There are 2 protein chains.
Amino acid sequence: MENKLTNKQKELIESFGVIQEGMGLSPASARVDALLTIADTTELTFDDIRESLELSKSATSNAINNLLMLRRIGYKTKPGDRKRYFHTKLGQWKNTFLDSINGLTAYNEVVKEILTHRTKKTKEFNDQLKDFTEFLAYYQEESIKLITNWKK
Amino acid sequence: MENKLTNKQKELIESFGVIQEGMGLSPASARVDALLTIADTTELTFDDIRESLELSKSATSNAINNLLMLRRIGYKTKPGDRKRYFHTKLGQWKNTFLDSINGLTAYNEVVKEILTHRTKKTKEFNDQLKDFTEFLAYYQEESIKLITNWKK
DNA sequence: TTTTTAGTTCTTTTCAGGCAGAACTAAAAA
DNA sequence: TTTTTAGTTCTGCCTGAAAAGAACTAAAAA
């Protein structure tokens with residue numbers, strides 16, 4: 001594809017890339033996801049990505065598969081065309097958000113188990129922990145409400 | 001200190017440690033924070049920590065300083081005693097929570113800047129992004145309310 | 001003044017993650 | 001049947017993070 005990136009777009013890919021690195025993505029994955037969010041074409045092929053970001057095939061392949069696993073991107077195919085057209089799923093942020101909220105459950109379960117095994121001698125501390133786990137559960141519930149009621 | 005950990009406590013330190021590694025802490029930091037959450041004594045010294053977790057002095061020192069920087073732990077001193085007594089700040093989770101909510105602002109700012117530079121040709125996609133940034137700001141506000149109104 | 005305490009800093013080792021480049025593969029096209 | 005396409009997988013390198021252990025340090029105690 002001839003749809004070259006402007007300097008501003010390259011700059012934004014880096015800013016957004018850095019932020020997403022901070023959220024646990026590898027540099028390449030972070031930039032692939034950023035590219036799909038910033039490029040004028042929202043459906044890019046393997047080679048579009050490879051060329052735009054000047055990555056090797058292996059880095060491109062690994063980054064794409066990583067993002068697919070994380071369900072942060074998806075792809076479409078076109079009849080009579082073997083290529084896959086990748087797009088970010090940032091538009092479907094609701095699911096991602098729900099996943100991250102639900103991810104707190106595992107954390108809270110461990111804290112609750114810690115509580116059941118704590119010495120009874122540290123009442124104040126235990127009460128604070130209890131308060132925390134209760135808040136977490138409440139926070140999860142309310143967050144889910146916020147999302148499901150959003151602009152509905 | 002002679003306050004030995006039970007096997008169950010050791011097990012909990014590992015579970016909680018793993019979860020906290022997943023949240024970006026190094027193995028040693030994750031376990032130090034877990035220890036302070038699980039041990040019967042909530043105020044532990046450098047050497048208590050070192051011995052309980054079988055860490056080297058350098059690993060202990062670095063983990064502690066790391067957690068202090070992240071403000072996930074704090075310490076007290078006692079008159080006529082040069083040691084520092086470290087404790088987890090999980091009890092003061094409200095601040096940590098507020099920090100993480102506020103941390104979303106930087107992310108949202110970049111997404112908003114991306115939006116201002118996006119081609120106008122992808123209306124649906126842009127609208128979804130717009131919706132997302134609006135929700136993020138709303139979510140931040142509401143989350144802060146949830147915390148400040150909690151059991152008040 | 002010397003020694004002990006409570007750490008910190010420096011040096012070295014180990015290890016995993018991330019990437020490039022090359023070799024490979026399965027399906028489709030020629 | 002051979003070649004091209006659209007990737008994937010393998011090999012090897014390089015770097016940075018994490019930790020151990022030893023050397024060091026500043027303040028207090030003896």
Side-chain angles (χ1 to χ4, degrees), chain A residues 1-2 13-14 16-36 41 43-70 72-87, chain B residues 1-2 13-14 16-36 41 43-70 72-87:
Chain A
M1 78 154 198
E2 78 297 348
I13 288 168
E14 293 309 314
F16 198 35
V18 167
I19 285 198
Q20 297 201 108
E21 276 184 62
M23 300 170 85
L25 297 185
S26 73
S29 292
R31 273 144 198 83
V32 169
D33 194 51
L35 172 67
L36 295 174
T41 314
E43 307 276 344
L44 298 181
T45 67
F46 186 97
D47 276 315
D48 294 337
I49 294 170
R50 203 191 104 65
E51 283 162 30
S52 301
L53 299 177
E54 297 170 85
L55 286 172
S56 69
K57 291 178 103 186
S58 61
T60 307
S61 176
N62 291 329
I64 285 175
N65 288 323
N66 178 238
L67 292 169
L68 283 171
M69 265 190 4
L70 296 172
R72 297 181 63 126
I73 67 171
Y75 64 85
K76 281 181 188 165
T77 49
K78 301 182 182 183
D81 182 348
R82 225 141 32 88
K83 287 191 282 289
R84 289 182 289 175
Y85 292 80
F86 299 97
H87 56 85
Chain B
M1 79 156 198
E2 78 297 347
I13 287 168
E14 293 310 316
F16 198 37
V18 168
I19 286 197
Q20 296 200 111
E21 277 185 62
M23 299 170 86
L25 296 187
S26 73
S29 294
R31 275 147 197 82
V32 170
D33 195 51
L35 171 67
L36 294 174
T41 314
E43 308 275 344
L44 297 182
T45 66
F46 186 97
D47 277 314
D48 294 337
I49 295 169
R50 204 190 103 65
E51 284 163 29
S52 302
L53 298 177
E54 297 171 87
L55 286 173
S56 68
K57 291 178 102 185
S58 60
T60 309
S61 175
N62 291 327
I64 285 175
N65 288 322
N66 179 238
L67 292 168
L68 284 172
M69 265 193 359
L70 296 172
R72 297 180 64 125
I73 65 171
Y75 64 85
K76 281 182 188 163
T77 48
K78 302 183 182 182
D81 182 348
R82 224 142 30 89
K83 287 192 281 290
R84 289 182 291 175
Y85 292 82
F86 298 98
H87 58 263

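Not measured: the values here are computed from a predicted model. All chains are named by letter (A, B, ...) in the order of the sequence lines, taking the proteins before the strands, and each is independently numbered beginning at 1.
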### Message
In whole Å, I'd like the distance from the CZ atom of B/R50 to the C1' atom of D/dA20.
### Response
10 Å
#### Entry: Proximal nucleotide (of C/dG18, D/dA27, C/dA20) relative to the A/L55 side chain
C/dA20
### Message
On a heavy-atom basis, which atom in B/E43 and which in B/Y85 lie closest, and how many Å separate them?
### Response
OE1-O, 3.2 Å
#### Entry: Phosphate OP1/OP2 of C/dT8 contacted by B/R84 side-chain N/O (<4.0 Å)
yes
### Query
Looking at the side chain of A/K57, which of C/dG7, D/dT8, C/dC19 is the nearest nucleotide?
D/dT8
### Query
For A/I64 and D/dG7, what is the distance between atoms CD1 and C1' respectively, to the nearest whole Å?
9 Å
### Task
Ignoring the backbone of A/A28, work out which of C/dC19, D/dA19, D/dT4 is nearest its side chain.
C/dC19
### Query
DNA chain D: B/P27 or A/D47, which has the more 5' nearest nucleotide?
A/D47
### Task
Identify the heavy atoms of A/R72 and A/D33 that sit nearest to each other, and give their distance.
NH2-OD2, 3.6 Å
#### Entry: Closest to the A/F46 side chain, choosing from C/dG7, D/dT8, D/dA28
D/dT8
### Summary
From the list B/L55, B/I49, B/L53, B/L36, side chain to side chain contact (heavy atoms under 4.5 Å, CB included) partner of B/R31 resolves to B/L53
### Task
Report the nucleotide, chosen from D/dA28, D/dT5, D/dT8, that has the shortest atom-to-atom distance to any side-chain atom of A/N65.
D/dT8
### Query
Start at the 5' end of DNA chain C and walk down; is the nucleotide closest to A/A63 or to A/R82 reached first?
A/A63
### Query
Can you tell me how far C1' of C/dA20 sits from CG of A/L53, to the nearest Å?
15 Å
### Message
Check the phosphate of C/dG7 against B/S61, side-chain N and O only, distance under 4.0 Å to OP1 or OP2. Yes or no?
### Response
no
### Message
Does C/dC19 have its OP1 or OP2 closer than 4.0 Å to a side-chain nitrogen or oxygen of A/N62?
### Response
no
### Task
Kindly give the heavy-atom pair with the smallest separation between A/L68 and A/G74, and that separation in Å.
CD2-CA, 4.0 Å
### Message
In this structure, how many angstroms lie between the P atom of D/dA6 and the CG atom of A/L44, rounded?
### Response
15 Å
### Task
Once you apply the 3.5 Å cut-off to both distances, tell me the Watson-Crick or G-U wobble partner of D/dA28, or none.
C/dT3
### Message
Closer than 3.5 angstrom, by distance alone: can the side chain of B/D48 be matched with the main-chain N or O of B/T45 as a donor-acceptor pair?
### Response
yes
### Message
With a 3.5 Å limit on both atom pairs, tell me what D/dA19 is paired to, counting Watson-Crick and G-U wobble, or say none.
### Response
C/dT12
### Summary
Checking C/dA6, C/dA27, C/dA20 against the side chain of B/K83 (C-beta onward), the nearest is C/dA6
### Message
Whole angstroms only, please: what is the CG-P distance between A/L68 and D/dG7?
### Response
11 Å
### Message
At less than 3.5 Å, do the side-chain atoms of B/S58 and the base atoms of D/dA19 form a donor-acceptor pair?
### Response
no
### Query
Hey, does A/L25 have a side-chain heavy atom less than 4.5 Å from the side chain of A/L70?
yes
### Task
Could you check how far CG of B/D81 sits from C1' of D/dA27, rounded to whole Å?
13 Å
### Message
In this structure, how many angstroms lie between the P atom of D/dA6 and the CD1 atom of A/I49, rounded?
### Response
14 Å
#### Entry: Interatomic distance, B/N66 CG vs C/dT8 C1' [rounded to whole Å]
15 Å
